[in-house]
4 protein chains.
Amino acid sequence: MSSTDGGRPRRKRADAQRNVDALIEAAKAVFTTTGVDAPAKEITDRAGVGIGTLYRHFPLRSDLVTAVLQHEIDACAEAGPVLQAEFEPTEALMRWVARFTEFVATKRGLAAALHSGDPAFDGLPGYFNDRLEPVVASLLGAAAGTGTLRKDVAARDLLHAVALLCQPVPGEGPAYNQRMVAVFVDGLRRRS
Amino acid sequence: MSSTDGGRPRRKRADAQRNVDALIEAAKAVFTTTGVDAPAKEITDRAGVGIGTLYRHFPLRSDLVTAVLQHEIDACAEAGPVLQAEFEPTEALMRWVARFTEFVATKRGLAAALHSGDPAFDGLPGYFNDRLEPVVASLLGAAAGTGTLRKDVAARDLLHAVALLCQPVPGEGPAYNQRMVAVFVDGLRRRS
Amino acid sequence: MSSTDGGRPRRKRADAQRNVDALIEAAKAVFTTTGVDAPAKEITDRAGVGIGTLYRHFPLRSDLVTAVLQHEIDACAEAGPVLQAEFEPTEALMRWVARFTEFVATKRGLAAALHSGDPAFDGLPGYFNDRLEPVVASLLGAAAGTGTLRKDVAARDLLHAVALLCQPVPGEGPAYNQRMVAVFVDGLRRRS
Amino acid sequence: MSSTDGGRPRRKRADAQRNVDALIEAAKAVFTTTGVDAPAKEITDRAGVGIGTLYRHFPLRSDLVTAVLQHEIDACAEAGPVLQAEFEPTEALMRWVARFTEFVATKRGLAAALHSGDPAFDGLPGYFNDRLEPVVASLLGAAAGTGTLRKDVAARDLLHAVALLCQPVPGEGPAYNQRMVAVFVDGLRRRS
DNA sequence: GATGAATGAGTTTTCATTCAT
DNA sequence: CATGAATGAAAACTCATTCAT
């Protein structure tokens, strides 16, 4: 969290950080491939570290899951404003949707873990909402035209609907998700 | 023996069928509760049969998964026409969506299994499409008004989009899914 | 044992016997293929009967093993005199060795079962000796020439030595066993 | 890491090696006692390690079987020259036969596994031949006298014949096998 | 701090045996 | 008598987690 962390920077910190990063990167990939229940060994092998190292940095599996998700959520949230600044509204939305689709694909099975009742995940939905709600609201608002979003659909509703529509579909690619989100946006414009 | 199977189809088969049914029922419930990776014992205990019985009828876990999904798909498909006959288009759609939402909730994690690459599931997506595509097309078509569905969205696209929008969302219930599908349907009407 | 079996021949007896024969035949084949520990199902499937039928006729696995072995021992024993009557000594011996080799191949792993300590098999070694000892003694004696068998090698020793030399050898066929038995017979002739 | 393996070969390896040795030792004993299909637990208990350790070092049962057999083959092969140096030909042969008999007894049922068609064992017969063929040839040659071995019996034939004659026989001990091998050697001498 | 060997509980899977039809 | 479904004990195997080096 705090990047400054106060006092002495305690040598060797670089190596440790390198391992942590490698583990998160590896976990992201393995979660996508094999699912959240992937053997820990598969992750450490891919990260090139020993199993003990995983447990040092992430004593609980939920710690690793949380780290991966926050990492991903941050990346997605940050992409929103950047795209909006660079492209016109519709194009920005479409590109962000593509980006978000990749993120959701990562979650393959993470949702189940999230709602498993494990209190370790209690904070994540909030983090997800807080970070992404404004981003989606802004993107959709701009794309819908002059702020004519239906009043009966809250920004958080949008976030989740888009999250669903971004989920990967067997025979389809990101283009499919983009089209469906576009239809959904059309729906938002309609009516008073 | 008898290929025509004329007279009695080999008595006692009734018991076996009872067990098969109980297992599918139990598996459906356990899959929802614990996920597709639930211990086999949990399923057999709930079905009130021995573990061996599970393996007799479903030697591979994928056999059981397949059976449960086909069962569910069938039930959903059959509900479509019934609702359409009984209610006016919008109401029928909403009720079916609610029904479909339950089905999708059952799949909690089944999707991951489906796309696991196991060839045992190769046939299921086809089954899913074949059974449900016409149902969804019909329901949405009726709800959209006088056949004014966008021409650039195929019936199968609809099916999958609805499937996504029916996925359970953490803090929300079926009503949420219904509202989002409604928005989506509005999007379909636009640009007649 | 007793083929007459006294009183009424009890109808349907033919079917039962057919099943018993089929089971012994199937068991012989499966024991050779898969070993004595082959699943019972494999035997009944090959025999074309239900599993229950196996247990009716052979309540214990040792019953089946015993039946198969006696069957085989009988066949081998009976072949001896026949061959001796039909061929000259050396030729008769070689043909019988070939025959015996097949029998031994059947036993793939039966020996282990035999010496497993199960009292059910207590009678078999005796049966084996009683039936085959005279046959081997006669064949070897004739082949060795004018009764010049070494006095320090008993007939039973011969039986077992031949039994060993008839065991199948990976890259070799029955011809190999015949050659080795021939060498052994030569050894018998030598010395006073 | 270090391909030359110069300095310390990664400490702690000692413990692992100790476990591997204990497992091979235990497996040898258990295979003799209970057969190759003995429960893994029986082996690990005797070795004093956990079941997981067995699977770490020998993921497949065939790996363990192979290790045990190579171990045994090596020991037998090494005994040959030693005995030949210490005793006169006939005595050396007899002692080696006794040694070999013990080895074969160990295999109780291993042979069946070997010929099970499992490709994991493909290399073993070759190993067996390569290691033992010269040993047997040398021992028999010396025992047969001045190189008067029949020309129509190859060294490998001898190896297998002796292997068969060394197999344990129900009511007999190693002395029996020695006598029969002696007869066989006599047969070799004949027809110089 | 890092490593990976060891552990053993938890699951899957097989099969002999029983027994209702 | 024959059948094959049901059972469940026993064995195999996996993998999270600990801990000595």
Side-chain angles (χ1 to χ4, degrees), chain A residues 10-20 37-45 48-57 59-61, chain B residues 1 8 10-20 23 37-44 47-61, chain C residues 10-20 37-45 48-61, chain D residues 1 8 10-20 37-44 47-61:
Chain A
R10 270 208 193 81
R11 271 290 211 89
K12 191 67 168 293
R13 194 56 161 283
D15 290 45
Q17 188 57 44
R18 208 169 355 266
N19 282 338
V20 168
D37 294 326
K41 194 74 187 346
E42 192 177 336
I43 295 169
T44 57
D45 281 354
V49 305
I51 266 205
T53 305
L54 169 62
Y55 279 87
R56 166 174 300 276
H57 296 296
L60 271 27
R61 166 148 305 226
Chain B
M1 287 291 158
R8 289 167 298 154
R10 252 319 177 220
R11 268 292 208 81
K12 166 69 169 296
R13 199 51 167 280
D15 291 45
Q17 189 56 46
R18 204 166 2 265
N19 281 335
V20 168
L23 280 168
D37 294 325
K41 195 72 190 343
E42 191 177 338
I43 295 169
T44 56
V49 304
I51 265 206
T53 304
L54 170 60
Y55 281 87
R56 163 177 291 273
H57 295 296
F58 306 99
L60 272 26
R61 171 150 301 233
Chain C
R10 272 210 192 81
R11 271 290 212 91
K12 191 65 167 296
R13 195 54 164 283
D15 289 44
Q17 188 56 46
R18 211 173 347 272
N19 282 337
V20 168
D37 294 325
K41 193 77 189 343
E42 192 177 336
I43 296 169
T44 56
D45 282 354
V49 305
I51 264 207
T53 305
L54 169 61
Y55 279 86
R56 165 174 300 276
H57 296 296
F58 305 97
L60 271 27
R61 168 149 301 229
Chain D
M1 289 288 159
R8 288 169 298 155
R10 258 310 181 223
R11 272 289 209 82
K12 168 69 169 294
R13 198 53 167 281
D15 292 44
Q17 188 57 46
R18 203 164 3 264
N19 282 335
V20 167
D37 294 326
K41 194 74 190 346
E42 192 176 337
I43 295 169
T44 57
V49 303
I51 265 207
T53 303
L54 170 60
Y55 281 89
R56 163 177 290 273
H57 296 296
F58 306 97
L60 272 27
R61 170 150 299 233

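Numbered from 1 within each chain, the chains take letters A, B, ... in sequence-line order.
Atom-to-atom, CG of Leu54(A) to C1' of dT18(F) comes out at 13 Å; the value is rounded to the nearest Å. Remark: C1' of dT14(E) and CD1 of Ile51(C) are 12 Å apart, rounded to the nearest angstrom. Atom pair Arg61(D):CZ and dA11(F):P shows a separation of 11 Å (rounding to whole Å applied). Rounding to whole angstrom units, CG of residue Asp15(B) and C1' of dC19(E) are separated by 12 Å. Here dA16(E) presents its P atom at 8 Å from CD1 of Ile43(C), a figure rounded to the nearest Å. To the nearest angstrom, C1' of dA6(E) lies 13 Å from CZ of Arg18(D). Atoms OH (Tyr55(A)) and P (dA5(E)) sit 16 Å apart, rounded to a whole Å. If you measure from atom CD of Glu42(B) to atom P of dT11(E), you get 9 Å, rounded to the nearest angstrom.
Residue Arg56(A) places none of its side-chain N or O atoms closer than 4.0 Å to OP1 or OP2 of dG1(E). Put simply, His57(A) has no side-chain N or O that comes within less than 4.0 Å of OP1 or OP2 on dG1(E). Under 4.0 angstrom from either OP1 or OP2 of dA5(E) there lies no side-chain N or O belonging to Thr53(D). For the pair Asn19(C) and dA2(F), the criterion of a side-chain N or O lying under 4.0 Å from OP1 or OP2 is met.
Counting only heavy atoms from C-beta on, Ala40(C) has its side chain closest to dA16(E) among dA2(E), dA16(E), dA6(F).
Between Lys41(C) and Ala38(D), the residue anchored nearer the 5' end of DNA chain F, judged by the nucleotide with its closest heavy atom, is Lys41(C). Judged by closest nucleotide on DNA chain E, Gly52(A) is the one of Gly52(A) and Pro39(B) placed further toward the 5' end. Of the two residues near DNA chain E, Val20(D) and Asp37(B), the one whose nearest nucleotide lies more 5' is Val20(D).
For the atom pair CD1 of Ile51(A) and CD1 of Ile43(A), the computed distance is 9.5 Å after rounding to the nearest 0.5 Å. Note that OG1 of Thr53(D) is 8.0 Å distant from CZ of Arg56(D), once rounded to the nearest 0.5 Å.
Across all their heavy atoms, Ala40(B) and Leu54(B) have their closest contact at CB-CD2, 3.7 Å. The two residues Ala47(B) and Leu23(B) come nearest to each other via the heavy atoms CB-CD2, 3.8 Å.
The base-pairing partner of dC19(E), taking Watson-Crick or G-U wobble contacts with both distances under 3.5 Å, is dG4(F).
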